[in-house]
Amino acid sequence: LGGLLGSSAPARAATDHAVIALPAEGMQFLGYYVAEDLGFFKEEDIEVKHLVLPGVASPNAVVSGSVEFAFGSGASLTRAAAHGQRMLAIAQMNNLPSWDIVVRKDIATAAHFDPKAPLAVRAKILQGRKMGTGGINSLDHAYLRIVAKLGGDPDSMTIAPMAPPDMLAAFARHAIDGFVSSPPWAQQVESDGTGIAVAIGPNKEPASLVPIGSSLLLTRPQVCEERRSLCVKMGHAMVLASRAVHERPADVLTILQKRFSKIKPSVVALSLKSLAMVMPPVPAVDPESLRKGDQINVDAGFMKPADMLKSYDGLSTEEFVK
């Protein structure tokens with residue numbers, strides 16, 4: 001009788017499933033970790049698994065249909081669009097440069113480096129240095145070149161691509177003069193006093209890169225057309241994650257300390273402070289940041305101005321984070 005009268009419990013919406021690709025296991029993907037560990041995916045009735053696909057392999061997996069989502073840069077989005085492989089950015093977890101550029105303290109001391117000088121003056125210390133980056137032609141490499149260009153000739157630097165642990169080891173044994181990195185690696189040498197910051201991205205250095213498209217949640221347009229509820233849930237989970245970073249810092253710090261247990265707690269705390277600065281309270285995609293994704297490659301000398309997209313329409317939407 002209860003069934004006939006419709007008095008039974010309301011039917012629960014079907015659980016959505018998705019696979020998301022991360023270019024690396026790193027603190028810059030804080031939004032994903034918070035959504036997972038604070039239960040926002042579960043709250044949105046979505047089961048999410050993640051894969052680590054280094055570098056551009058993550059957005060490539062979205063294009064190929066191997067995964068539903070990936071975190072990627074504005075540059076990855078626009079370069080794919082230039083080749084007819086259009087993706088859609090539905091959330092933007094960073095809108096400021098997340099990298100710091102550091103040099104060894106002994107080098108800074110010998111050069112009488114002034115950390116309070118204008119950025120163009122500070123950038124002079126990068127001339128002729130051997131600097132570590134995450135990869136050739138990567139976003140952090142582009143950031144390093146743009147800052148170095150303010151102080152002289154970026155081509156005077158020798159670039160050594162390496163994984164972060166190797167970068168720290170090379171820095172410690174003086175095999176490199178400095179490096180560019182997102183948290184927690186730069187914060188580690190700044191904290192222990194062996195490194196001095198030349199440029200701090202979260203401080204909007206340089207201002208020409210603001211806003212920047214970083215840690216964009218990318219998918220194929222067809223995914224949101226055919227599985228709209230999935231994109232709604234993913235977008236809302238990112239909203240909740242971004243809000244938590246700003247409103248529940250103690251809980252978020254606990255998450256980072258558990259996931260990066262080998263990093264000193266004081267360094268994790270510094271890293272969270274930096275990450276919160278670059279994460280917008282509402283992760284709506286800023287279309288201007290997509291243009292900056294192209295512009296950073298032009299300014300770094302990785303791309304010609306003529307190769308920039310003529311239009312960025314249709315590459316992003318705010319629909320799923322409202």
Side-chain angles (χ1 to χ4, degrees), residues 22-34 71 93-109 113 115-116 119 122-123 125-126 129 131-135 138-141 143-144 147 160-206 209-210 212 214-215 242 244-246 249-280:
L22 306 184
E25 292 284 11
M27 288 188 183
Q28 64 267 41
F29 305 112
L30 177 61
Y32 171 80
Y33 300 138
V34 171
F71 282 105
M93 305 311 290
N94 293 347
N95 61 3
L96 298 177
S98 61
W99 312 279
D100 285 13
I101 298 173
V102 295
V103 295
R104 297 199 321 263
K105 185 178 181 180
D106 61 302
I107 290 175
T109 300
F113 178 77
K116 296 182 180 180
L119 181 58
R122 282 179 271 147
I125 200 171
L126 298 174
R129 303 297 179 188
M131 301 294 292
T133 71
S138 60
L139 262 185
D140 60 344
H141 183 198
Y143 179 72
L144 174 62
V147 172
M162 55 185 73
D166 298 330
M167 200 151 46
L168 287 179
F171 185 85
R173 66 175 185 271
H174 293 196
I176 57 175
D177 301 320
F179 61 88
V180 55
S181 177
S182 56
W185 315 111
Q187 286 71 19
Q188 187 159 320
V189 299
E190 291 169 17
S191 176
D192 66 23
T194 61
I196 301 295
V198 176
I200 301 175
N203 287 351
K204 301 182 180 180
E205 293 181 339
L209 297 184
V210 178
I212 190 171
S214 180
S215 288
S242 186
V245 169
H246 295 284
D251 293 335
V252 174
L253 181 60
T254 298
I255 289 170
L256 279 182
Q257 288 175 335
K258 286 182 178 178
R259 284 188 174 262
F260 299 91
S261 59
K262 295 182 180 180
I263 305 296
K264 289 172 55 177
S266 60
V267 173
V268 176
L270 282 174
S271 299
L272 177 56
K273 181 179 178 180
S274 179
L275 291 164
M277 291 172 68
V278 304
M279 182 177 287

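Worth knowing before you read on, the calculation uses all heavy atoms, side chains too, and leaves out hydrogens, waters and symmetry mates. Each residue takes its place number in the sequence, starting with 1.
- Remark: the backbone N or O of Leu270 is not paired with any side-chain donor or acceptor of Ser274 at under 3.5 angstrom.
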>> Is there a side-chain contact (heavy atoms from CB on, under 4.5 Å) between Leu139 and Trp99? Walk through the geometry before answering.
In response: CA-CA 9 Å; Leu139 262 185; Trp99 312 279; 3.7 Å; yes
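- Among residues at least two apart or in separate chains, side-chain hydrogen bond (donor to acceptor under 3.5 Å, both in side chains) pairs with a member in residues 181-201 are Asp192-Thr194.
- By the 4.5 Å heavy-atom criterion applied to side chains, Pro206 and Tyr143 are counted as neighbours.
- Between atom CD1 of residue Ile125 and atom CZ of residue Arg129 there is a gap of 5.5 Å, rounded to the nearest 0.5 Å.
- Residues Met162 and Ala170 approach most closely at SD-CB, 4.0 Å, considering heavy atoms.
- Applying the ring pair (Phe, Tyr, Trp, His ring centres under 6.0 Å) rule to Tyr32 yields the partners Phe41, His50; only residues at least two apart in sequence or on another chain are considered.
- When all heavy atoms of Glu205 and Leu119 are compared, the closest pair comes out as CB-CD2, 4.0 Å.
- By the 30° and 60° cut-offs, the orientation of the rings of Phe179 relative to Phe171 is perpendicular.
- Contact annotation: the side chain of Thr109 never approaches that of Ile196 to less than 4.5 Å [non-hydrogen atoms, C-beta and beyond].
- Between Val102 and Met131, the shortest heavy-atom distance links the atoms O-CE, 3.7 Å.
- For residues 261-275, no pair satisfies salt bridge (Lys or Arg N to Asp or Glu O under 4.0 Å), with sequence neighbours left out.
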>> Determine whether Val252 and Leu275 satisfy the following criterion, side-chain contact (heavy atoms from CB on, under 4.5 Å), listing intermediate values before the conclusion.
In response: CA-CA 11 Å; Val252 174; Leu275 291 164; over 6 Å; no
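- Contact detail for Ser242 and Met279: the closest heavy-atom pair is OG-CG, 3.5 Å.
- Nearest heavy-atom pair, Asp100 versus Gly201, reported as atom, atom and distance to 0.1 Å: OD1-N, 3.8 Å.
- How far OG of Ser214 is from CG of Leu209: 11.0 Å, rounded to the nearest 0.5 Å.
- Val210 has its side chain within reach of Pro97: a pair of non-hydrogen atoms, C-beta onward, lies under 4.5 Å apart.
- Taking CD1 of Ile176 as the start and CZ of Arg104 as the end, the distance is 8.5 Å to the nearest 0.5 Å.
- Side-chain contact check for Met277 versus Asn203: some heavy-atom pair is nearer than 4.5 Å.
- In terms of modelled atom types and a separation under 3.5 Å, the side chain of Ser215 and the main chain of Gln28 share a donor-acceptor contact.
- For the 3.5 Å distance criterion, the side chains of Glu25 and Tyr33 qualify, holding a donor opposite an acceptor.
- In terms of heavy atoms, Phe113 sits closest to Val198 at CZ-CA, 4.0 Å.
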> For Ile212 and Val278, what are the C-alpha separation, side-chain angles and deciding distance, and is it a side-chain contact (heavy atoms from CB on, under 4.5 Å)?
Replying inline: CA-CA 10 Å; Ile212 190 171; Val278 304; over 6 Å; no
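- With Leu126 as the fixed residue, the side-chain contact (heavy atoms from CB on, under 4.5 Å) test singles out one of Val180, Asp177, Ile101: Ile101.
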> Can you list the steps and then say if Val189 with Leu168 is a side-chain contact (heavy atoms from CB on, under 4.5 Å)?
Replying inline: CA-CA 8 Å; Val189 299; Leu168 287 179; 3.8 Å; yes
